[in-house]
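Order of the sequence lines sets the chain letters (A, B, ...), proteins ahead of strands, with each chain counted from 1.
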Amino acid sequence: MNETNDRTAIAVHNVTRRFQRTGGGEVIAADNMSLTIPRGEFVCLVGPSGCGKTTMLQMIAGLLAPSEGEIEVDGRKVTGPGPDRGVVFQKDSVFPWMTVIQNIEYGLKCRGVPAAERRALARRYLAHVGLEGLEESWPRELSGGMLKRVAIATVFANGSRVLLLDEPFGALDYVTKHQLYDVLLSLWSEDEQHRTVVFVTHDIDEALLLADRVLVFKAGHIAADLSIDSPRPRNTESLLQPAVVAHKRTMLEHIGLRPSGGTA
Amino acid sequence: MNATVTARRTTPSSSPRPVRWRPRVDVVGLCGVVAMLGVWQAMSVHFGRVVPSPLTVANEMAKNFISAPTFRHYGIADAGYLDAILYTAGNVSMSMIAGGAAGIAFGLLTARRRLLRSALDPIFLTLGTIPIFIAAPFLLLWFGISRFSAVAIVAIYVATIVYAYSQRALYNLSPVYEQYAQTLGADDRRLFWDIMVPGTLPEILGGLRIALAGAWGLAAISELIGSQRGAGKVIQSLANSVDVKAIFCVLLLLGVVAAAIDALMALVISRVTAWNRAGGNDHE
């Protein structure tokens, strides 16, 4: 799982990340971790709170520096955030002082894309996420689910080949979540060469519905690396397939829960 | 429920419309003005010697608005109430620009630099607590009885208020916006102009509005202490001569101009921060 080649999008080499506790001592969120993610793969990082999955995502995004080791994206060492790695945050990050269309255009504007071209591209992605007619709305006029659609449209419109999503749908209701799975997978499958997606979640079913591969994190280590071969499109019935149920059992065991309930 | 996860477009159930500003008549405010005039008229009937009626004040205003030859008897220029209020408005404007610029610049600088904040906070805190009657003699000693001294007193007050608001605005701005902008390709210049400035604008403008409200009174006091023109100087001279109706004229004019400029500023704030008007998520 750690060999790099031309198809590698993300390579994590012996990365350790420590945090100092206020009262003294330290927490190791990532402990000498190594992994590679091929281009076009949809990978979910799953695990309980504090297992290091968000830390890993932030290090890949360049928002957090590793204490030791290094991370490469498309062969280049990560030294800070950049538009080659789009991020959808857990918190609402859509700029409230920009209209919906200005938000989607913002990354393109930063990169110097001409106004007419970026407006056309933004409209295309706005339509793709089902928000036609809301171009001039302020973010405060949108629901939580709509804001996530804007954020997703923005990172896709910006053309990032690597997309990092940090529990983006954690605060949304069941129906909205499933609508957004559709939106995300529809955009992901839009290009022939899929973009590489790293999706952090603590929801095992969400990971099984979305991912090609699930990495189970536990106490700063990768406890399991599972390929999800269930055919797409997947639905809630896909979760009942024996192979998927077996994956779920493995994940629960690694997280520390018995499949039948209670802690292991 | 059997939710299929595939490429299917979904459309939001409702389409909120942008909120647009419309001019409106403040009926409650108008009622307040009418009530105040009523009380004033009633007081003038009972305390006519010290409280002139609204009509008497209006006549005095009309007579001496542009030019006031009687002012010469009080030892001040005969330029009328308009000149006095324009002079004070000029002082307030200069103080707001100078004090506001300093307050915003230092407030934003210190918000993200702890060392600088530790160094400057005590200075601004101390400046903000010095009463004007204590600060004024020093400024008059250093700079003489000049317009500069009058403006400096008010500018210091404006700077201390705007400093606190600007610092708090950037300190409270969620770092997720800057991180998001960086991942979209924003450089430092864009981070400042596209994220920090608009993100802090509502709080900074709120601070400027509060500073403006206090600046009028302080400007008048600073003129009263050390100036040859302006509303404060006219009030001081008229008070020495016990010209009550003329004092009322200046006070009324000062209040009306301050209220009008405050209303104008409120309008500007509501326009430039239209995105923040409801102060939260409108969508249910």
Side-chain angles (χ1 to χ4, degrees), chain A residues 61-63 80-83 85-87 89 91-99 106-107 110-111 127-134 136-146 149 151 154-155 158 160 164 174-175 178-179 181-183 185-186 189-190 209-210 232-238, chain B residues 1-21 169 173-205 270-284:
Chain A
L63 298 170
R85 285 149 289 140
V87 181
F89 292 84
K91 287 183 185 172
D92 284 332
S93 57
V94 171
F95 306 125
W97 49 86
M98 294 182 195
T99 61
Y106 186 68
C110 288
R111 287 171 34 223
H128 211 126
V129 297
L131 293 180
E132 304 100 320
L134 296 180
E136 301 306 326
S137 295
W138 295 114
R140 66 170 160 81
E141 296 167 331
L142 307 185
S143 67
M146 288 170 166
R149 286 170 194 258
T154 305
V155 293
N158 205 28
S160 314
L164 309 167
Y174 184 84
V175 174
H178 279 76
Q179 288 172 342
Y181 296 161
D182 285 351
V183 168
L185 290 176
S186 158
S189 57
E190 184 190 48
L209 283 171
L210 295 174
R232 294 178 188 274
R234 297 175 194 158
N235 54 36
T236 45
E237 281 184 1
S238 308
Chain B
M1 186 176 169
N2 186 11
T4 302
V5 182
T6 180
R8 188 181 66 236
R9 293 250 300 276
T10 49
T11 308
S13 55
S14 62
S15 300
R17 290 177 181 183
V19 178
R20 299 200 186 286
W21 178 84
L173 183 68
S174 173
V176 78
Y177 296 126
E178 285 166 67
Q179 292 178 341
Y180 184 48
Q182 284 176 312
T183 64
L184 291 173
D187 55 20
D188 287 347
R189 188 180 59 85
R190 282 205 173 273
L191 278 182
F192 180 75
W193 289 111
D194 298 344
I195 310 302
M196 292 181 193
V197 170
T200 55
L201 206 55
E203 271 196 77
I204 291 177
L205 289 176
S270 97
R271 297 292 285 169
V272 298
T273 61
W275 56 271
N276 194 40
R277 192 170 295 144
N281 195 319
D282 287 352
H283 203 277
E284 289 296 322

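Residue with the most contacts toward chain B among A:G80, A:A61, A:G82: A:G82 (heavy-atom pairs, distance under 4.5 Å). Ranked by heavy-atom pairs shorter than 4.5 Å toward chain B, the options A:P96, A:G107, A:G145, A:S160 are led by A:P96. In terms of non-hydrogen atom pairs under 4.5 Å with chain B, the most contact-rich of A:V155, A:T99, A:V94 is A:V94.
Nearest approach of A:P81 to B:T183, heavy atoms of both residues: CB-CG2, 4.1 Å. Annotation for A:C110 and B:G185: closest pair CB-O, 3.6 Å, computed over non-hydrogen atoms. Considering all non-hydrogen atoms of both residues, A:S93 and B:V176 come closest at CB-CG2, 4.0 Å. In terms of heavy atoms, A:F89 sits closest to B:Q179 at CE2-OE1, 3.6 Å.
Between atom OH of residue B:Y180 and atom CZ of residue A:F95 there is a gap of 6.0 Å, rounded to the nearest 0.5 Å.
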Output a table of donor-acceptor pairs, distance under 3.5 Å, between side-chain atoms of residues 190-203 of chain B and any protein atom two or more places apart or on a different chain; print 'none' if there are none.
from, atom 1, to, atom 2, distance (Å)
B:R190, NH1, B:D194, OD2, 2.8
B:D194, OD2, A:Y106, OH, 2.8
B:T200, OG1, B:M196, O, 2.6
B:T200, OG1, B:V197, O, 3.2
B:E203, OE1, B:R168, NE, 3.0
B:E203, OE1, B:R168, NH2, 3.1

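For B:Y177, the ring-ring contact (aromatic ring centres under 6.0 Å, His included) partners are A:W97, not counting sequence neighbours.
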